[in-house]
Amino acid sequence: MMEPEHEPTLVDLAQRYDSEDMIGFIRCFVNDLRSGFEAVNVERFPWLTTLRQAPWSGVICLGMGGSGAGGDFLSALTDSKGNCPVLVSRGYTLPAWFDATWLVLATSHSGNTEETVSAAQMALDKGATVVVIASGGLLAGLPETSDRCYLIPTVGGQPPRTAFGHIFSRQLACLEALGLLQAMTEADRNAMLLRLQQHNDHFDILTNPEGDIALLASSLMDQPIAVIGPKELSAVLTRFKNQMNENAARFVRIGVLPEMNHNESVAWGGIGEDADPDATNQALLLLTWEGMLPRVRQRLDWMVTHASTETAWNLTGEGGTLLEVMLYHCLVMDWLSTTLALLRGTDPADIAPISSLKAHLHSIQYSGPQMSRGSGNCSGAAC
C-alpha cells in the first residue's frame, strides 16, 4: 500500500527551488553589516580625513536597483539627523544643477552598472570628487584615472539585492567618517546588531517554519499587495517593492503617508461609493514604527478603520532608532519575499527578464548619453 504524499515543507521547498542559497544570504545579513562597518575607517582610508574638511553642499548618490537602495536609506537618515542633504540620482546623467561642490557617492555591486559608470564619469569630467563603492569592474577602475576619485571595495560573488548589508554599511560608515551623519558608539552599534541578529534568527523559515513570516506569506499568496508607511520609511517601502519584484516576481504598489491621504484614499474607499473594485481584494501591509508623528499615526488609524480591504497587517519595526527600524524591516521583507517565492514554487534567485535585457543591451554598442550642446553635461564616449 502506497503512503500518501505529504505536503512539502518549507525545508523541502528550499531544497527544491533555492538554487543560489538566497536563504543563506539572508542569514548572513547582520554579519554583512558588521563587517562593512568595520571595513571603513580613517586608518584604512586616510583620504576620508581630507574629504571631511570640505564644505560640501551635499551628497548625491548614484546607483541602480539593490546597489542604489542604500542612497534612499542615507537620505532618510540625513533628513532625520544629518548635517547636509543627501539626494539620489538613478540614471545615466546628473541633474542640470550639479556642480563640484557636491560629493558623489557612486555605488555598483558589480562595478559595471552602465548607468552608474556613466554618471560617475560625468561627475569627474565636471571636476567633482567621487567615492566609489564596488567589488570590481569599470567603476572600481575610475580611481586609477583621477586623483579625485576614491575606492571603498565591497564584497562580490552574490546577487546585488542580497549584498545590501555589505553595501549600505559601507555607505553609512563613509558618511559617518566624513562627519555628515553622527556616528554611533561602538557599544550602541554592537547592541543594535545583536538585537537584529536575534530577530533574524526568529524569522528564519527553516528553523521556525510555522512562525510569523510563513503565516504572513501564506496569507498573501492570492491577493495583490499594497504596502503603506510614513514618509521617513519611504526608502523601506521602495526596497520592499523591489525585493518582492525580484525575489517573488510579484507586483507591489506602495503609498506614503501623509501624501497618499490626499489622493489614494479615495481609491481605497470605505466612505461613499468611489472605491476601486480591486480595493476589496487587495492585501494591505502597514510598515510602522514607534517614532511616527502622532498626526501621521492618526491618519493611519483612520485608514485601517475605513479601508475596504479585509486583509490588513501592521508590521511594526522594532528598535529605538530610525536606522534600526529600517534594518529590521529589511529582514522582514527579505524573508517574506523569499518565502513567497518558495510557496509559489519558483526560484527566488531567478531574474530571467533582467538577464535577457542586459544581454540585449550588451549586443548594442553604448556610446554614452547624448546631451544637447550647451547643456553643461558631457556627451559622447567620454561619458
Under 4.5 Å between side-chain heavy atoms, hopping through other hydrophobics if needed: is there a path connecting [X] to [Y]?
X	Y	value
L13	M244	yes
L284	M333	yes
L206	Y17	yes
M64	L74	no
F25	I23	no

Could you check if a side-chain atom of [X] sits within less than 4.5 angstrom of a side-chain atom of [Y], using non-hydrogen atoms only?
X	Y	result
T107	C61	no
R52	V42	no
T9	P209	no
T78	L175	yes
W56	T129	yes
L233	L322	yes
N314	V304	no
E20	T162	no

[X] to [Y] - nearest heavy-atom pair and separation:
X	Y	answer
V117	G111	CG2-O, 3.7 Å
A214	L10	CB-CD1, 3.9 Å
M192	F37	CE-CE1, 4.5 Å
G58	W102	C-CE3, 3.2 Å
E232	A76	O-CB, 3.8 Å
M221	R250	O-NH1, 3.7 Å

Main chain of [Y], side chain of [X]: is a donor-acceptor contact present, judged purely on distance under 3.5 Å?
X	Y	result
S219	L216	yes
H109	Q158	yes
R148	L124	yes
N208	H202	yes
T339	W335	yes
N200	Q197	no
S67	G63	no
S75	G71	no
N83	G179	yes
S135	V155	no

Separation between [atom1] of [X] and [atom2] of [Y], rounded to the nearest 0.5 Å:
X	Y	atom1	atom2	result
D18	D347	CG	CG	6.5 Å
L139	T113	CG	OG1	8.0 Å
D334	F203	CG	CZ	11.0 Å
L257	R297	CG	CZ	11.0 Å
L48	I152	CG	CD1	6.0 Å
T49	Q53	OG1	CD	7.5 Å

Enclosure of [X] [atom1] (heavy-atom neighbours >12, cutoff 6.0 Å):
X	atom1	value
H362	NE2	no
D212	CG	no
Q298	CD	yes
D222	CG	no

We want to know whether N242 and R239 form a side-chain donor-acceptor pair, criterion being a heavy-atom distance below 3.5 angstrom.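 The answer is no; no qualifying pair exists.
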Distance-only side-chain donor-acceptor flag, N112 / S110, under 3.5 Å: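 Their side chains do not contain a donor-acceptor pair, so the 3.5 Å distance test is not met.
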Describe, in one word, how the ring planes of F168 and F164 are oriented to each other, choosing from parallel (under 30°), tilted (30 to 60°) and perpendicular (over 60°).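 Correct class here is parallel.
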Of all residues at least two apart in sequence or in a different chain, which pass the salt bridge (Lys or Arg N to Asp or Glu O under 4.0 Å) check with [X]?
X	value
R344	none
R27	D204
R170	none

Walk me through whether L178 and V59 qualify under side chain to side chain contact (heavy atoms under 4.5 Å, CB included). CA-CA 11 Å; L178 293 173; V59 179; over 6 Å; no
Full working for side chain to side chain contact (heavy atoms under 4.5 Å, CB included) between S35 and N31: CA-CA 6 Å; S35 64; N31 286 334; over 6 Å; no
Can V236 and W289 be said to form a side chain to side chain contact (heavy atoms under 4.5 Å, CB included), step by step? CA-CA 12 Å; V236 176; W289 71 300; over 6 Å; no
Using a strict 4.0 Å threshold on nitrogen-to-oxygen distance, state whether E318 and R195 make a salt bridge.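 Result for this pair is no, no salt bridge flagged.
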Before you tell me yes or no, could you show the steps for L196 and R34 under side chain to side chain contact (heavy atoms under 4.5 Å, CB included), namely the whole-Å CA-CA distance, both residues' side-chain angles and the distance that decides it to 0.1 Å? CA-CA 11 Å; L196 288 171; R34 180 178 289 105; over 6 Å; no
Derivation and outcome, ring-ring contact (aromatic ring centres under 6.0 Å, His included), residues Y150 and W47: CA-CA 8 Å; Y150 307 90; W47 49 263; 4.7 Å; yes
